[in-house]
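Side-chain atoms are counted along with the backbone in the values below, which use heavy atoms only and exclude waters and symmetry mates.
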Amino acid sequence: LVRDLEDGSRWNGFNVLHMAASRMGGLMLGYAQTGGIRDLAAAAPKLVFSLGADEVDYTAFAGSTVVYIGHHGDKGAHAADIVLPAAAYTDPAVLAWERRHFIAGTWACVGRTEDLTVDDGGNPLSQRSLLVGDIPVLLTISGDGTRAFANTCRHRGHELLPEGGTASKRAVTCPYHAWSFGLDGQVIAAPDFNEVETFDRADYGLVSLPLEVWHGWVFVNATGGAAPFAEHIGTLDELLHPYAAEKLVRRARHSYEIAA
């Protein structure tokens with residue numbers, strides 16, 4: 001992963017891997033970094049998160065507080081101001097906080113459009129349920145595009161579609177009291193409420209959640225309170241645009257079960 005270049009410099013594959021990891025981590029936090037390590041150091045940041053990057057010359061960040069995320073025996077850990085404790089990786093409370101704030105509370109990528117809109121056999125879908133962080137989300141697919149809603153019935157709060165479930169129906173029906181909703185989230189039928197004078201169907205549609213399709217990837221903000229998507233992506237759009245990622249086609253899929 002390391003080789004000398006013709007201009008006398010050295011190409012370090014580990015730097016490339018860590019830069020990719022840091023950019024993805026920054027994206028989760030709503031920050032898209034441009035340039036490389038030198039550009040980052042020149043910006044004199046107040047706080048630097050280092051994702052196991054041992055080969056970085058941390059003297060360039062003398063005026064920054066460096067938080068090292070990695071093994072305590074790593075060289076980078078000895079150069080950091082703060083090393084995360086073991087509990088940061090194992091404490092269920094930390095995981096719960098991350099699921100709500102790092103994933104549900106920001107823009108989470110839930111997959112590629114071509115994968116989310118069909119089942120494993122390639123058949124078109126109209127509904128798919130996901131767990132985004134710790135929040136159940138319902139995707140609906142129609143000629144008008146893909147929408148995201150809270151996967152909760154507005155009547156008694158029952159789950160509309162089981163986690164990981166899919167459907168091809170033109171309506172979303174709650175299994176509890178048979179309330180049904182269109183793929184646009186509006187109420188179609190509310191049994192036993194038709195003669196209730198104060199009941200207005202328009203007030204009980206599914207709770208819509210922010211969704212954006214970016215270069216073929218679908219992003220959802222499950223809490224609904226994140227910054228606008230354009231701010232979240234920042235300059236990453238300019239960096240990715242030349243690669244036409246929206247034209248990518250999946251050629252293979254590999255699944256791994258990790259004992260974690």
Side-chain angles (χ1 to χ4, degrees), residues 1-91 93-95 97-109 133 212 214-217 219 221 223 225-246 248 260:
L1 285 173
V2 178
R3 70 171 184 264
D4 295 323
L5 303 179
E6 294 180 358
D7 62 2
S9 63
R10 172 167 289 188
W11 184 88
N12 192 322
F14 285 108
N15 278 339
V16 175
L17 293 174
H18 287 307
M19 180 59 70
S22 67
R23 284 185 173 172
M24 287 306 298
L27 184 58
M28 291 179 67
L29 294 170
Y31 168 74
Q33 172 190 326
T34 59
I37 294 295
R38 294 178 182 176
D39 301 292
L40 183 59
K46 294 182 179 179
L47 185 64
V48 175
F49 282 93
S50 175
L51 304 179
D54 281 351
E55 71 284 350
V56 173
D57 179 8
Y58 289 100
T59 60
F61 298 98
S64 307
T65 297
V66 178
V67 179
Y68 187 80
I69 304 173
H71 194 277
H72 285 230
D74 292 346
K75 181 172 63 176
H78 296 286
D81 299 294
I82 300 173
V83 179
L84 294 182
Y89 307 96
T90 60
D91 190 336
V94 174
L95 174 60
W97 189 93
E98 290 179 339
R99 292 177 70 188
R100 171 53 59 95
H101 298 281
F102 272 9
I103 302 177
T106 183
W107 288 94
C109 180
E212 293 284 347
W214 181 71
H215 293 289
W217 287 287
F219 285 77
N221 172 218
T223 62
F229 185 72
E231 293 183 18
H232 177 77
I233 292 298
T235 58
L236 191 61
D237 193 59
E238 299 174 12
L239 296 172
L240 190 63
H241 181 75
Y243 299 96
E246 64 278 2
L248 291 175

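Shortest non-hydrogen contact noted between A226 and G105 is CB-O, 3.7 Å.
E246 pairs by the side chain to side chain donor-acceptor pair (under 3.5 Å) definition with H215, not counting sequence neighbours. Listed by chain and number, the residues in a side chain to side chain contact (heavy atoms under 4.5 Å, CB included) with V94 are D91, E98 (sequence neighbours excluded). The side chain to side chain donor-acceptor pair (under 3.5 Å) search around S64 returns none, not counting sequence neighbours. Listed by chain and residue number, nothing satisfies the ring pair (Phe, Tyr, Trp, His ring centres under 6.0 Å) test with W217 (two or more places apart in sequence, or in another chain). By the side chain to side chain donor-acceptor pair (under 3.5 Å) test, T90 is found to be paired with no residue, residues two or more places apart in sequence or in another chain being considered.
To the nearest 0.5 Å, atoms CZ (F229) and CZ (F219) are separated by 4.5 Å. Summarising the geometry, atom CG belonging to L84 is positioned 11.0 Å from atom OH belonging to Y68; distances are rounded to the nearest 0.5 Å. Interatomic distance, OG1 of T59 versus CZ of F61, reported as 9.5 Å (0.5 Å rounding).
Using a distance-only test at 3.5 Å, with no hydrogens or angles considered, no donor-acceptor pair links the side chain of D237 to the main chain of H241. Between the side chain of D81 and the backbone N or O of V67, no donor-acceptor pair lies under 3.5 Å.
Using a 30° and 60° split on the angle between ring planes, H232 and W107 fall in the tilted class, from 30° to 60°.
Annotation: side chain of H101 is not in contact with side chain of T223 (no heavy-atom distance under 4.5 Å).
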